[in-house]
Amino acid sequence: MRPVIIDTDPGIDDAIAILFALNHPGLEVLTLTTVAGNIGLDRTTWNAGRLAAFMGRDVPVHPGAARPLRSDAINEERIHGDDGLGGVAFPAPRIPASDVGATEAMADLLDRHPERSITVLTLGPLTNLAQLITQAPQAASRIGAVVSMGGAVHEPGNVGDRAEFNIVWDAHAADIVFRAGLDLTLVPLDTTRKFRADKAYLAALRRTGQKAAIASADLIAAYQDQKNMAGHSRPLHDPCVPMLITAPGVFDVQQMNLSVDTETGAIRSGECPLKVSMGLDAEAARQVLLRGLS
Ligand code: RIB
Ligand code: CA
């Protein structure tokens, strides 16, 4: 079992990633740390607890940043709905969110686990991880690997023409994370826009009869933007992150030197050596997701 911390702003695609990780026999989800992003922190924290409860798991939920380090917050409620999960029915959390904050909880887990044994998966803005790096650098240096959904390298952005939501929401935090010398793999829009579902795939998820797969079909259907995607869903951004560690062969990961433009939130070539997934085998990835959810 690979121990993982999932930092997240659930969010419909976050929810599918979390259901996948909780259901996957090869992953031990130590905690869900939450950040504002798609929707406010109270709602992302509540949703993290709902997803754990849905899977019958008392995974600790530690709330983190309600706003970016320096700028004002934007949100994506237009995509994720006013409950953040597209109105899909999930139970209430079984246990209340912890009153220990995300950064303190991450540092405590890192101190208590063997050095470099924990993988941090980030599915939202990077404010919590940036806070850990600046407030608990010793603990941050014990992180094994980080896999982050974020950025757009050659792809157009989804906030303006160059920026991607998770990065631009807190570009200063992203800059801190990029420069921290972590073993960081970025999963940008260059990969995630290639990963979508169609109606046949939703039917295949439902046919498994497994609750994580059925709920994911409901989430994708809620996420589907009928106006723009004839038959195909919006990109399944965040599920690419846990899948990259359970099925790395499905992704095309390259070594690149990148930087964050802290004014615009755009990613450009620069001086931070990162691994970047620039593509994936979408059909193989859909099978990995279906198997992991069922
Ligand atoms: O740009 C896509 C990212 O922004 C995803 O993580 C989605 O959940 C939103 O947070
Ligand atoms: Ca997200």
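All ligand and atom numbering here is 1-based and tracks the order in the structure.
Protein N/O/S atoms closer to the Ca ion (ligand 2) than 3.0 Å number 5 in this structure.
At distances below 3.5 Å, at least one donor-acceptor pair connects side-chain atoms of Asn158 with backbone N or O atoms of Phe165.
A salt bridge does not link Asp82 with Arg43: every distance from a Lys NZ or Arg NE/NH1/NH2 to an Asp or Glu carboxylate oxygen is 4.0 Å or more.
Within a 6.0 Å sphere centred on CD of Glu76, heavy atoms belonging to other residues, nucleotides or ligands number more than 12. Within a 6.0 Å sphere centred on CD of Glu263, heavy atoms belonging to other residues, nucleotides or ligands number 12 at most. By the neighbour-count criterion of 12 heavy atoms within 6.0 Å, atom CD of Gln255 is densely surrounded, having more than that number from other residues, nucleotides or ligands. The local environment of CZ in Arg193 is crowded, with over 12 non-hydrogen atoms from other residues, nucleotides or ligands closer than 6.0 Å.
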Write 'none' if nothing qualifies; otherwise put on separate lines each N/O atom of ligand 1 with a protein N/O atom under 3.5 Å away and their distance to 0.1 Å.
from, atom 1, to, atom 2, distance (Å)
ligand 1, 1 (O), Asn158, ND2, 2.9
ligand 1, 1 (O), Glu164, OE2, 2.5
ligand 1, 4 (O), Asn166, OD1, 3.4
ligand 1, 6 (O), Leu123, O, 2.8
ligand 1, 6 (O), Asn166, ND2, 3.0
ligand 1, 6 (O), Asp238, OD1, 2.7
ligand 1, 6 (O), Asp238, OD2, 3.0
ligand 1, 8 (O), Asp13, OD1, 2.6
ligand 1, 8 (O), Asp13, OD2, 3.2
ligand 1, 8 (O), Asp14, OD1, 2.9
ligand 1, 8 (O), Asn38, ND2, 3.1
ligand 1, 8 (O), Asp238, OD2, 3.1
ligand 1, 10 (O), Asp9, OD2, 3.1
ligand 1, 10 (O), Asn38, OD1, 3.1
ligand 1, 10 (O), Asn38, ND2, 3.3
ligand 1, 10 (O), Asn166, OD1, 3.1

### Task
Show your reasoning for whether salt bridge (charged side-chain N to carboxylate O under 4.0 Å, His left out) applies to Asp218 and Arg206.
CA-CA 9 Å; Asp218 293 342; Arg206 296 187 197 286; 2.6 Å; yes

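Contact of the Met243 side chain with the Val250 side chain is not registered, since no non-hydrogen atoms from C-beta on lie closer than 4.5 Å.
In this model, a donor atom of one side chain and an acceptor atom of the other lie less than 3.5 Å apart for Arg2 and Thr119.
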